[in-house]
Amino acid sequence: MSRTNTRLDPVPDSPDASGDSHDAGPGTPPPPPEYTGTHSRDLTALRGENTATRLTGALGLPAAEPTSTVIAPMEAGELPNVAAIRGLRLDQLLLLTTGALVIIIVGLLAALSAKTTEAQLTATSDRFTQRLQSQARELGQTVSHTLALTSATSLRDNNYAFLTEVARSIIADNRNILRVQMFDADGQLVADSDPAAKLGESSGGRTAERRWASAFFNGQPVFEFQEPLDYGSQGGKGVVVISYSLEDLQKQLHELEETNRAAVRANTLRIVGLGVGFVVLAGVLAAFQSRRITKPLGVLTHRVMQLAAGDLGARAGTAPGAGREVTTLGVVFNHMAERIKVLLEDVRAKAQLEREVSLARTVQETLLPGREAVTVGPLRLAGLVVPADACGGDWWFRAALDDRRVVIGIGDVTGHGLSTSLVATSATSGFASAMTLREPSQVHAQMLITALNVTLANVGRGEHQMSSALAVIDVYSGSIDYAAGAHPAAAIYNRNTRQMASLPARGPLLGANVASQFTSRQAQLSPGDIIVWYTDGLTEARDGANRLYGTQRLAAALQTHAHLPADALRDALLADVRAYSAGQPQRDDITVIVAEFSPAPTP
């Protein structure tokens with residue numbers, strides 16, 4: 001890097017440089033003829049400009065065009081057709097669900113009760129049957145044993161007629177005994193209560209042993225009880241067979257079964273009646289409770305539809321007995337409706353603020369110069385403001401003071417937001433107005449910065465301060481009259497000598513005090529000089545590691561791109577800052593002004 005000077009060489013004292021240095025005198029060379037008609041000396045009128053202060057995407061900076069979007073208040077729009085929603089209502093679902101559940105429970109209990117009752121009755125019937133059968137066996141065995149004992153003598157004496165009479169008397173005395181038979185040791189029938197029986201028939205292989213078995217007599221089921229008959233025969237023992245009727249037993253069993261079935265039917269009917277009662281009671285309770293729950297929900301649904309239709313005053317009432325969840329839902333809905341109302345008011349206020357900001361931005365852009373470069377003789381100017389917010393606190397100004405001199409101003413109002421942008425706009429207007437307070441020959445940097453300080457102090461009332469730098473340049477002689485108040489010194493780089501220099505000037509912040517004093521200084525430009533004015537938003541830009549861009553990197557970028565014309569150099573410096581920030585948000589407004597002094601060589 002070439003050697004950097006702290007300031008330009010001061011203009012040597014001479015009669016031409018003393019007094020009113022802005023008037024053309026005998027020692028001031030006339031404008032070179034090659035500039036006449038080839039370069040425009042007419043700077044764009046201050047109030048006739050309309051500039052876009054945002055960089056385009058080609059520079060690598062985020063494009064943020066002036067917004068005219070206004071957030072409209074919340075509108076209901078077309079409400080959904082809730083009448084087209086199909087399905088059961090909640091109270092119907094609750095009623096059906098409760099009824100079905102009660103019916104299932106009662107049905108299961110009824111089935112279980114019927115099964116249990118039937119099992120109990122079956123067990124009772126089995127016990128009764130076994131008892132009757134046992135009684136029948138005991139009776140049959142007792143009769144057969146008694147008959148065997150009493151008939152032994154008659155059988156030994158071959159008194160068969162008496163035995164037949166005994167058998168028939170037994171039948172007559174006991175209606176459950178259907179038949180009595182006696183067989184001798186040879187298995188021959190010797191007595192039978194049945195008149196149709198033929199004595200002498202074989203026993204059919206009966207053995208002389210005590211036993212009983214089921215059989216049929218005359219189509220009726222019977223128990224045959226067999227008892228050995230010992231009558232002293234050498235051939236063995238005879239057999240007494242008694243057929244005991246099961247008709248009474250079966251009749252009693254049938255009656256018992258009928259009684260059991262009647263008991264099961266009665267129990268079932270009783271359970272069904274209780275079940276129906278439970279279903280009706282559960283249905284009434286379910287309908288009542290579901291109504292208590294669904295009615296507040298229906299009211300809440302109606303309030304929601306009112307809110308969706310734009311009625312911000314819709315509120316849900318209390319719902320006692322509807323349950324904690326329904327009550328909580330109503331409370332949350334009321335809170336949500338109140339929040340929507342507050343948010344809508346905030347949106348409306350924000351929309352109004354955006355309209356005001358948009359208007360302020362439009363006014364600010366109207367007062368700021370355009371981004372296009374302008375040429376006045378050998379001096380070419382290009383500047384741009386890149387605000388960090390919708391409205392910025394930076395400003396710059398350019399205007400032709402007369403046929404030879406150009407006024408350049410730059411400023412940075414402390415803070416951000418709408419008020420800051422309004423102060424910056426007022427400063428721009430005040431700066432333009434200060435130029436008209438005196439004759440162009442009497443306008444110089446000290447007068448301009450003093451007038452600007454008074455304007456800002458009156459407008460900001462001590463609440464807003466501003467750093468600023470002003471310069472009055474003679475585009476043909478290259479002389480500069482400049483002043484500054486707490487503003488970064490402009491950087492100067494000479495294309496021919498490749499040396500860096502600056503325009504240092506001291507002064508307090510503008511707007512702090514109406515009586516603040518400012519001084520101006522003078523310097524001389526050399527052919528090939530490039531002057532860069534900037535605000536601290538450029539040098540204080542940070543990368544991902546929170547390191548500042550700084551003046552050294554600015555100087556390096558200036559040297560790298562010094563071969564470019566003023567507008568391209570300006571864009572290159574801004575692109576370098578953006579690349580250094582590496583996607584970090586822009587924290588402050590950035591303003592860059594590039595002045596390129598390139599007079600024709602003297603022959």
Side-chain angles (χ1 to χ4, degrees), residues 39-40 43-44 49-64 364-365 367-376 378-388 392 394-399 406-412 424 428 468-471 473 475 480 482 487-495 500-503 525 528-541 549-581 586 588-598:
H39 295 281
S40 171
L43 286 178
T44 307
E49 286 188 334
N50 184 8
T51 177
T53 58
R54 299 282 186 181
L55 284 177
T56 60
L59 299 179
L61 292 175
Q364 187 178 34
E365 290 177 351
L367 296 178
L368 289 175
R371 62 174 295 139
E372 297 80 9
V374 296
T375 302
V376 182
L379 186 69
R380 184 174 178 82
L381 287 172
L384 193 64
V385 176
V386 184
D394 281 12
W395 62 273
W396 78 285
F397 183 85
R398 67 187 182 198
V406 174
V407 177
I408 300 174
I410 187 173
D412 181 5
T428 307
S468 182
L470 308 176
I473 304 176
V475 299
I480 301 180
Y482 64 95
H487 198 83
I492 300 182
Y493 177 76
N494 190 274
R495 289 172 174 168
M500 291 291 300
S502 62
L503 289 177
L525 293 177
D529 278 343
I530 301 174
I531 313 172
V532 178
W533 287 274
Y534 58 91
T535 56
D536 57 7
L538 184 143
T539 54
E540 293 178 1
Y549 182 80
T551 56
Q552 292 185 355
R553 186 175 178 95
L554 172 62
L558 178 56
Q559 292 178 4
T560 301
H561 303 288
H563 62 284
L564 298 175
D567 50 352
L569 176 57
R570 172 204 61 194
D571 295 344
L573 295 178
L574 291 171
D576 188 67
V577 172
R578 182 59 183 173
Y580 180 80
S581 298
Q586 184 179 337
D588 196 3
D589 304 329
I590 298 176
T591 301
V592 175
I593 305 174
V594 176
E596 176 187 358
F597 184 63
S598 302

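From a predicted model like this one, the values you see are computed outputs, not experimental measurements.
Atom OH of Y549 and atom OG1 of T539 lie 9.5 Å apart (nearest 0.5 Å). A distance of 8.5 Å separates CZ in F597 from CD1 in I480, rounded to the nearest 0.5 Å. With rounding to the nearest 0.5 Å, the separation of CH2 in W395 from CG in L368 is 9.5 Å. How far CG of D576 is from OG1 of T560: 8.0 Å, rounded to the nearest 0.5 Å. In this structure, the separation between CZ on R570 and CD1 on I530 is 14.0 Å, given to the nearest 0.5 Å. Rounding to the nearest 0.5 angstrom, the gap separating the CG atom in L470 from the CZ atom in F397 is 10.5 Å.
Between the side chain of E596 and the main chain of R380, no donor-acceptor pair closer than 3.5 Å is present. The backbone N or O of I410 lies less than 3.5 Å from a partner atom in the side chain of S468, making a donor-acceptor pair. Side-chain atoms of R495 never come within 3.5 Å of backbone atoms of G528 as a donor-acceptor pair (strictly under, hydrogens ignored). Of the possible polar contacts, one joining the T535 side chain to the T591 backbone as a donor-acceptor pair under 3.5 Å is found.
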Yes or no on side-chain contact (heavy atoms from CB on, under 4.5 Å) for L558 and M500, after CA distance, side-chain angles and deciding distance? CA-CA 9 Å; L558 178 56; M500 291 291 300; 4.0 Å; yes

Between I473 and I408, does a side-chain contact (heavy atoms from CB on, under 4.5 Å) hold up when you go through it step by step? CA-CA 8 Å; I473 304 176; I408 300 174; 3.8 Å; yes

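Within the 4.5 Å cutoff, side-chain heavy atoms of L525 are placed close to those of I531. Residues D394 and V386 have side chains not in contact (no heavy-atom distance under 4.5 Å, counting atoms from C-beta outward).
For the side chain to side chain contact (heavy atoms under 4.5 Å, CB included) test with Y534, the passing option among L554, D412, I590 is L554; the others fail. Exactly one of L384, D571, V532 qualifies for a side chain to side chain contact (heavy atoms under 4.5 Å, CB included) with V592. That residue is V532.
Here the closest non-hydrogen pair linking H561 and A572 is CG-CB, 3.7 Å. The two residues P369 and R398 make their nearest non-hydrogen contact at CB-NE, 3.6 Å. For A595 against L379, the heavy-atom pair with the smallest separation is CB-CD1, 4.0 Å. Between I593 and G409, the shortest heavy-atom distance links the atoms CD1-O, 3.9 Å. Taking both residues in full, the closest heavy atoms of L573 and A557 are given as CD2-CB, 3.7 Å, listed atom of the first, atom of the second, then distance. Closest of all the heavy-atom pairs between A469 and W533 is CB-CD1, 4.3 Å.
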